[in-house]
Trainee: 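One structure, as structure tokens, below. Some questions next.
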Number of protein chains: 2
Amino acid sequence: MARIPAPERREALIDAALRVVARDGISHATTRAIVAEAGMSLASFHYAFASRDELIDELIRTVVERAENEVVPSLDPHLSVRERIEAGLLRYFGHLKARPSHEQAMLELTWYALRAPERHPLAVSQYARYREFAMAALQRATTDSGITWTLPLDQVAQVLVALTDGLTTTWLVDRDDEAALRYIGIAADTLSRLADAR
Amino acid sequence: MARIPAPERREALIDAALRVVARDGISHATTRAIVAEAGMSLASFHYAFASRDELIDELIRTVVERAENEVVPSLDPHLSVRERIEAGLLRYFGHLKARPSHEQAMLELTWYALRAPERHPLAVSQYARYREFAMAALQRATTDSGITWTLPLDQVAQVLVALTDGLTTTWLVDRDDEAALRYIGIAADTLSRLADAR
DNA sequence: GTGCGACTGGGACGATCGTCCCACTTTGAC
DNA sequence: GTCAAAGTGGGACGATCGTCCCAGTCGCAC
């Protein structure tokens, strides 16, 4: 095996771990499974990480950092705020359909973190990050429209996160595209009603 | 140990398993943990169940059957449809706050079922049952009000399930009561707007 | 080139997992 | 009372888990 400095190995192991979690679920993300995915030996694992828990914690932190803003509303000036929001939600839905196992992995990591009290803050910061993304998306949706929100932006963002969560969970279970599209339309209505022309 | 016929023992084991999952998470719901919770020996377990998988499957089926309709809207004739729906959501939220670990267990079981293809139907039927509850609740909310829905009732119910899911997940992470109450108000707005006076 | 620290591979540790076996006790039909 | 069937307890099986040890190999500063 090629000799790889520890920091790079940590990255490679985290990447491998995410692939394993997405493919097989976190319960199958054993040290051996992760090491096999990364093409390493067990010794290399424990040379880079003190324990499996340390890797999983680092994995959660990493996916939270890496998470991209998938809900990017359209900026087309011809569109209404509602249409911009709907465009953003549709973009997220496209991403969800393209990589369902990735979103499922993210949620599994949330539940995993939620089970151990000392890991709870990881889940909280994960959702704080989602809220940031939501805020940015909402701000973008009202840019150059002369429209403001009837609630503080972070509160609207909280609603958007919850709406997105509901979409993700129910679609992952039912895989009902038509229901998802209906829901997106209704969610866009709901959010745009929280915006008010001055 | 008292001698208990196998069918009763199956019930007792399922009850014990649900308690373990709610308290410690499904990853800690090992045969030994379940057996200890039920105060039995391992032999009794495998006398009642062929395998742990059989018990978990039966557990999911049982909680889906047992699940009670927590979203029961008010029937107070003085209330508007929107207020009735909000009352129902508030009732569910009260239940969620009173037994968060139970709701967390239900969701963990969903994700568990979602991981194995042969168990996927269990998750689907779980959400089908939620949809039934939602339909009953929505029907109740418009009783004697001369109001109908602008969408087929089962489609409105799908929206309610997704809205409730979003509420549950985000509250379990953030434990933000105020945000939950705001969200409930907005969700009630959203749903009542799908109802139309004839 | 030498030497030291960084890195690797393989094998092994004890703990815990799901499952099973078998001798034993109790129950209920006859 | 007899006896087959039902139910029980304890201990053991092989597999797999996270972790660790240790001898060995490589890269790099000097």
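Just so it is clear: chains get the letters A, B, ... in the order the sequence lines come, proteins before strands, and each one is counted from 1. These values consider heavy atoms only, across backbone and side chains, with no hydrogens, waters or symmetry-generated copies. Please read all numbers here as calculations on a predicted model, not as lab measurements.
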Trainee: For a quick test of reading the model: is some side-chain N or O of B:T31 closer than 4.0 Å to OP1 or OP2 of C:dG18?
Mentor: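 Yes, because at least one side-chain N or O of B:T31 sits under 4.0 Å from OP1 or OP2 of C:dG18.
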
Trainee: Sub-3.5 Å donor-acceptor pair from the side chain of A:R119 to the main-chain atoms of A:D57, do we have one?
Mentor: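 No, because the side chain of A:R119 does not come within donor-acceptor range (under 3.5 Å) of the backbone of A:D57.
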
Trainee: I'd like to know if A:R3 reaches the base of D:dT25 with its side chain, counting only an N/O donor and acceptor under 3.5 Å.
Mentor: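 Donor-acceptor pair under 3.5 Å: yes.
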
Trainee: Output the rounded distance in Å from CG (A:D53) to P (D:dG18).
Mentor: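 One finds 10 Å between P of D:dG18 and CG of A:D53, rounded.
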
Trainee: With a 4.0 Å limit, can you tell me whether B:H46 has a side-chain N or O closer than that to the phosphate oxygens OP1/OP2 of C:dT19?
Mentor: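 B:H46 to C:dT19 OP1/OP2: side-chain N or O found under 4.0 Å.
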
Trainee: Between D:dC17 and A:T30, is there an OP1 or OP2 to side-chain N/O distance shorter than 4.0 Å?
Mentor: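 Result: yes.
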
Trainee: Closest nucleotide of DNA chain D for B:A6 versus for B:R32: which of these residues is on the 5' side?
Mentor: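 Nearest nucleotide further toward 5': that of B:A6.
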
Trainee: Expressed as a whole number of angstroms, how long is the span from B:H28:NE2 to C:dG18:C1'?
Mentor: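 Rounded to whole Å, this separation is 17 Å.
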
Trainee: Can you tell me the distance, in whole Å, between the CD1 atom of B:I26 and the P atom of C:dG18?
Mentor: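 Rounded to whole Å, this separation is 11 Å.
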
Trainee: Looking only at the side chain of A:S44 (C-beta and beyond, no hydrogens), which of the listed nucleotides C:dG9, D:dG9, C:dT19 gets closest?
Mentor: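 For A:S44, the side-chain atoms sit closest to C:dG9.
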
Trainee: When the distance from CZ of B:F45 to C1' of D:dG7 is rounded to whole Å, what number comes out?
Mentor: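 That distance rounds to 16 Å.
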
Trainee: Rounded to the nearest Å, what distance is computed from the OH atom of residue A:Y47 to the P atom of nucleotide C:dG5?
Mentor: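 Spelled out: OH on A:Y47 to P on C:dG5 is 12 Å.
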
Trainee: Could you tell me the separation between the CD1 atom of B:I34 and the P atom of C:dC17, rounded to a whole number of Å?
Mentor: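 The distance from CD1 of B:I34 to P of C:dC17 comes to 11 Å, rounded to the nearest Å.
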
Trainee: In whole Å, I'd like the distance from the CG atom of B:L42 to the P atom of C:dG18.
Mentor: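 Between P of C:dG18 and CG of B:L42: 9 Å.
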
Trainee: So, B:Y127 versus B:Y130, ring centres under 6.0 angstrom or not?
Mentor: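 B:Y127 vs B:Y130: aromatic centres under 6.0 Å.
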
Trainee: Do the side chain of B:Q158 and the main chain of A:A179 share a donor and acceptor less than 3.5 angstrom apart?
Mentor: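 Judged by distance alone, no pair lies under 3.5 Å.
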
Trainee: Does A:S51 use its side chain to pair, donor to acceptor, with the backbone of A:E54 at less than 3.5 Å?
Mentor: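 Here the side-chain-to-backbone pair exists.
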
Trainee: Report the distance from atom CD1 of B:I4 to atom C1' of C:dT25, rounded to the nearest whole Å.
Mentor: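 The answer, rounded to whole Å, is 15 Å.
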
Trainee: Which nucleotide in the set C:dC20, C:dC7, C:dA12 lies at the smallest distance from any side-chain heavy atom of A:P5?
Mentor: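 Of the candidates, C:dC7 comes closest.
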
Trainee: Go nucleotide by nucleotide along DNA chain D from the 5' end; which of A:A43 and A:A29 gets its closest nucleotide reached first?
Mentor: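 Looking at the nearest nucleotide for each, A:A29 comes out on the 5' side.
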
Trainee: Looking at B:R52, does any N or O in its side chain come under 4.0 Å of the phosphate oxygens OP1/OP2 on C:dG18?
Mentor: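 B:R52 to C:dG18 OP1/OP2: side-chain N or O found under 4.0 Å.
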
Trainee: So, A:T168 and A:E103: side-chain donor and acceptor under 3.5 Å apart, yes or no?
Mentor: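 No.
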
